Colleague: 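After the C-alpha cells below, expect a handful of questions from me.
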Amino acid sequence: MGVYIAKWQFSLDMAIVNQIPYFSEKEHTFDSIILYMDLDAFFAAVEIRENPSLAGLPIVVGGNPNTKQGVVSTCSYEAREYGIHSGMSISQALKLCPNLTMVRGSFRLYSEVSKRIMNILKHYSPIMKVAGNDEAYLDLTDIVSDYEEAKQLAIELKDDIYASEKLTSSIGIAPNKILAKIGSDTDKPNGLVVVKPLKISEFLSPLEITIIPGIGKKSSKIFHDNNITTCGDLAMIPYQLAHQKFGKTGLKTWKLVNGYNTENTDDKFNSREIKSISEERTFFNRPKDWKDIDVLIDSSIETIVTKAKKKNMNFRTITLKIRFQDFETFTRSYSLSCHVMSKKQVKEVVNMLLEEFKDKKPFQIRLLGVKISNLLKITDNQKTLTQFF
DNA sequence: TCTGGGGTCCTAGGACCC
DNA sequence: TCTGGGGTCCTAGGACCC
C-alpha cells in the first residue's frame, strides 16, 4: 500500500516540478476521425423554405405571436445581427428589432425533415449518433483513410442534404466529438472546418473560451475573473492550477485545450439509456384553485408514465417541481423502495410532496412539473415477476 | 424586462454503514 | 463524552445544452 502511495506521490511531484501532466500516453493518441453536422438555423430555415417571402428577413420561431410572450426557439441569421439568440424572451427580441417577424413553429414538420436528413447521414457511416433535431455525429474512422478524404465526403454530404431538402449545414471534422463540434461552430452558416490532430492547439488557441460546450455565462465569468479569455490562455497555465481553481470541469477543459483526448472511446457512439422522463408546464392563465393544479398534474403524470410504459421502464424516484410567480423555484423528490410503473403511485407521492406548499395560494403558482427517474429497463423475465406480484 | 420545455451533469450536505 | 475515514445513497439546487 505504502509503496503505491509513494509512487503516485513521486510522479505527481515530478509533474509539478516539470509542469508535465501525468496523464497516460493513451490520452494523447488520436485514431478516430469524427464528423459533426449541424443544420443552419434549422427551424427558421425550414420556415423560410416553406415560405420564400420570409427570405432575407429577421425572423424568429417560438413564442406566441399574439401575446408576444415566450422565448425564441430559433432565429434567422438576419435576426442574429440584431443580437437576438435562442432562449431570449420575445419581448426583448422585439425591443432589439421592432420589425421582427414571428413565426409559430411547425414542430411536426421539423421532426419529419430531421428524420429524412438523418437517413441521408446514415448512408455515410453506420456508426452515428443523433444529438438533436438538427445535429449528428458520424464516426468516419473506418470509412476514410485520411482527413482529405473525410473532407471530400463532407462536401458530398452537404450537397446531398441541400439537393434533397434545400437546407444548408455546417460541418466539423476532428479526432473527437467535442473538437468536431467546435470546428463546425467556428464557420457558420454553410461552413466546413477540418481540425487535424497536430493542429489542435493552433486551432483552439485564439478562440474564446466560451466556444467550448459546457462553458456558459457563469463559468466564463469565473475564467474571465482569472484573466482567461481564450482557449490559449487556459492552455498556458499549469494543469494543477486549472484543477485547483476551476475544479473537475476546469481540468477537463484544460486537457481539451492542450490537445488531450478527454473522451471515453468505449461509449463514443453508444447512445446511453435515458435517465429521466419529465413534463413541466407554465400556466397560461393563472390557476384559480387547487382543482386546476390537480388537472395539470394528472395530465403530466399521464404523459410521463405512458412514455415510461412505451420504453418498458420502471422508475423509483418521483420529483415535483414548482415555480411561483416571483420565479422562486423548488424541487422535492421522493424515492420509493422498489421500481414501479404506476400512475397511482406517482399521484400519491406528488400529493405528499405538494403538502409543503399548501399554504400558498393557487394563483401564486406559475409552473408545475413532474419527473420520474432512477429508471430501470424491464426484461421479459422481470415482467412476469411484476405480473406475479 | 422577462424569463419554454426536455434533458444531462455536477456539487454539496446529510444519513447511514463498516 | 468524544469520536476517524471511506463509501454509498438520497435530496436540493443550479449550470448548461438544444
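Just so you know, these numbers use all the heavy atoms, side chains as well, and skip hydrogens, waters and symmetry mates. Please read all numbers here as calculations on a predicted model, not as lab measurements. In what follows, chains are A, B, ... by sequence order, proteins preceding strands, each numbered from 1.
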Colleague: Does A:G63 reach a base, just sugar-phosphate, or nothing at all? Heavy atoms under 4.0 Å.
Modeller: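 Since no nucleic acid heavy atom lies under 4.0 Å of A:G63, the category is nothing.
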Colleague: Determine the Euclidean distance between corresponding P atoms of B:dT1 and C:dC16; express it in Å to zero decimal places.
Modeller: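 Going atom to atom, P in each nucleotide, I get 24 Å.
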Colleague: What residue among A:S335, A:S333, A:S278 forms side-chain contact (heavy atoms from CB on, under 4.5 Å) with A:T319?
Modeller: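 Going through A:S335, A:S333, A:S278 one by one, the side-chain contact (heavy atoms from CB on, under 4.5 Å) with A:T319 is satisfied by A:S333 alone.
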Colleague: In a check of side-chain contact (heavy atoms from CB on, under 4.5 Å) between A:L140 and each of A:S145, A:S32, A:S125, which one passes?
Modeller: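 It is A:S125, the one option of A:S145, A:S32, A:S125 that forms the side-chain contact (heavy atoms from CB on, under 4.5 Å) with A:L140.
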Colleague: Atom CD1 of A:I372 to atom P of B:dT8: distance rounded to whole Å?
Modeller: 12 Å
Colleague: Taking NZ from A:K321 and C1' from B:dG5, how many angstroms apart are they, rounded to a whole number?
Modeller: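 My rounded result for the distance is 8 Å.
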Colleague: Examine B:dG6: is either OP1 or OP2 under 4.0 Å from a nitrogen or oxygen in the side chain of A:K371? Give yes or no.
Modeller: no
Colleague: Looking only at side-chain atoms of A:E280, point me to the closest of B:dG4, B:dC2, B:dG6.
Modeller: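 Of the options given, the side chain of A:E280 lies nearest B:dG6.
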Colleague: Please report the distance separating the P of B:dC2 from the corresponding atom of C:dC18, rounded so that it comes out in whole Å.
Modeller: 27 Å
Colleague: Measure CG/A:L367 against P/B:dC2 and give the value in whole Å, please.
Modeller: 19 Å
Colleague: Would you mind telling me which of A:E279, A:E280, A:E328 makes a salt bridge (Lys or Arg N to Asp or Glu O under 4.0 Å) with A:K321?
Modeller: A:E280
Colleague: Please determine whether a side-chain nitrogen or oxygen atom of A:R323 lies at a distance below 4.0 Å from atom OP1 or OP2 of B:dT3.
Modeller: no
Colleague: Examine distances only and state if a side-chain atom of A:T186 and a backbone atom of A:G183 form a donor-acceptor pair shorter than 3.5 Å.
Modeller: yes
Colleague: Between A:D292 and A:K288, is there a donor-acceptor pair closer than 3.5 Å when you use the side chain of the first and the backbone of the second?
Modeller: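 Such a contact is found between A:D292 side chain and A:K288 backbone.
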Colleague: With a non-hydrogen cut-off below 4.0 angstrom, is A:I90 in contact with a base, only sugar-phosphate, or nothing?
Modeller: nothing
Colleague: Between A:I274 and A:M88, just flag the one whose closest nucleotide in DNA chain B comes earlier from the 5' side.
Modeller: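 Comparing both residues, the 5'-ward one is A:M88.
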Colleague: Please state how far atom CZ in A:F43 lies from atom P in B:dG4, giving the value in whole angstrom units.
Modeller: 17 Å
Colleague: Have a look at C:dC2 and give me syn or anti from its glycosidic angle (syn if within 90° of zero).
Modeller: anti
Colleague: Scan A:K252 against the nucleic acid and name what it touches under 4.0 Å (heavy atoms): base, sugar-phosphate only, or nothing.
Modeller: nothing
Colleague: Quick one: does A:H339's side chain have a donor or acceptor within less than 3.5 Å of a partner on A:N374's backbone?
Modeller: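 Yes; at least one donor-acceptor contact below 3.5 Å.
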Colleague: If the cut-off is 4.0 Å, is A:T282 near the phosphate of B:dG5, judged by side-chain N/O to OP1 or OP2?
Modeller: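 Answer is yes, contact under 4.0 Å.
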Colleague: What is the distance from CD1 of A:I84 to P of B:dT3, rounded to the nearest Å?
Modeller: 15 Å
Colleague: Can you check each nucleotide of nucleotides 11-18 of chain C against protein heavy atoms at under 4.0 Å and return B for base, S for sugar-phosphate only, - for none, in 5' to 3' order?
Modeller: SSS-SSSS
Colleague: In this structure, how many angstroms lie between the P atom of C:dC9 and the CG atom of A:N374, rounded?
Modeller: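 Those two atoms, CG and P, are 10 Å apart.
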Colleague: Counting just side-chain N and O atoms, does A:K307 come under 4.0 Å of either OP1 or OP2 of B:dG7?
Modeller: yes
Colleague: Among A:V72, A:V71, A:L100, which residue meets the side-chain contact (heavy atoms from CB on, under 4.5 Å) test with A:I90?
Modeller: A:V72
Colleague: Quickly work out the A:K95 NZ to B:dT3 P distance and round it to whole Å.
Modeller: 10 Å
Colleague: Between A:D139 and A:K177, does a salt bridge (Lys or Arg N to Asp or Glu O under 4.0 Å) hold up when you go through it step by step?
Modeller: CA-CA 9 Å; A:D139 188 340; A:K177 285 194 294 184; over 6 Å; no
Colleague: Defining pairs by Watson-Crick or G-U wobble geometry with both distances under 3.5 Å, how would you list the stems of DNA chain C with at least three pairs each?
Modeller: B:5-18 with C:5-18
Colleague: Using the closest heavy atom to pick a nucleotide of DNA chain B for each, name whichever of A:K275 or A:D326 lands nearer the 5' end.
Modeller: A:D326
Colleague: In whole angstrom, give the distance that lies between atom CG of A:L96 and atom P of B:dC2.
Modeller: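 The answer, rounded to whole Å, is 14 Å.
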Colleague: Just by distance, do the side chain of A:N51 and the backbone of A:E47 share a donor-acceptor pair under 3.5 Å?
Modeller: no
Colleague: Run the side-chain hydrogen bond (donor to acceptor under 3.5 Å, both in side chains) test against A:D359 and tell me which residues pass, sequence neighbours left out.
Modeller: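 Listed in chain order: nothing, the list is empty.
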Colleague: Does A:I237 offer a backbone N or O that forms a donor-acceptor pair with the side chain of A:W254 under 3.5 Å?
Modeller: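 Confirmed, A:W254 side chain pairs with A:I237 backbone.
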Colleague: For B:dG6, does either OP1 or OP2 sit under 4.0 Å from a side-chain N or O belonging to A:R281?
Modeller: no
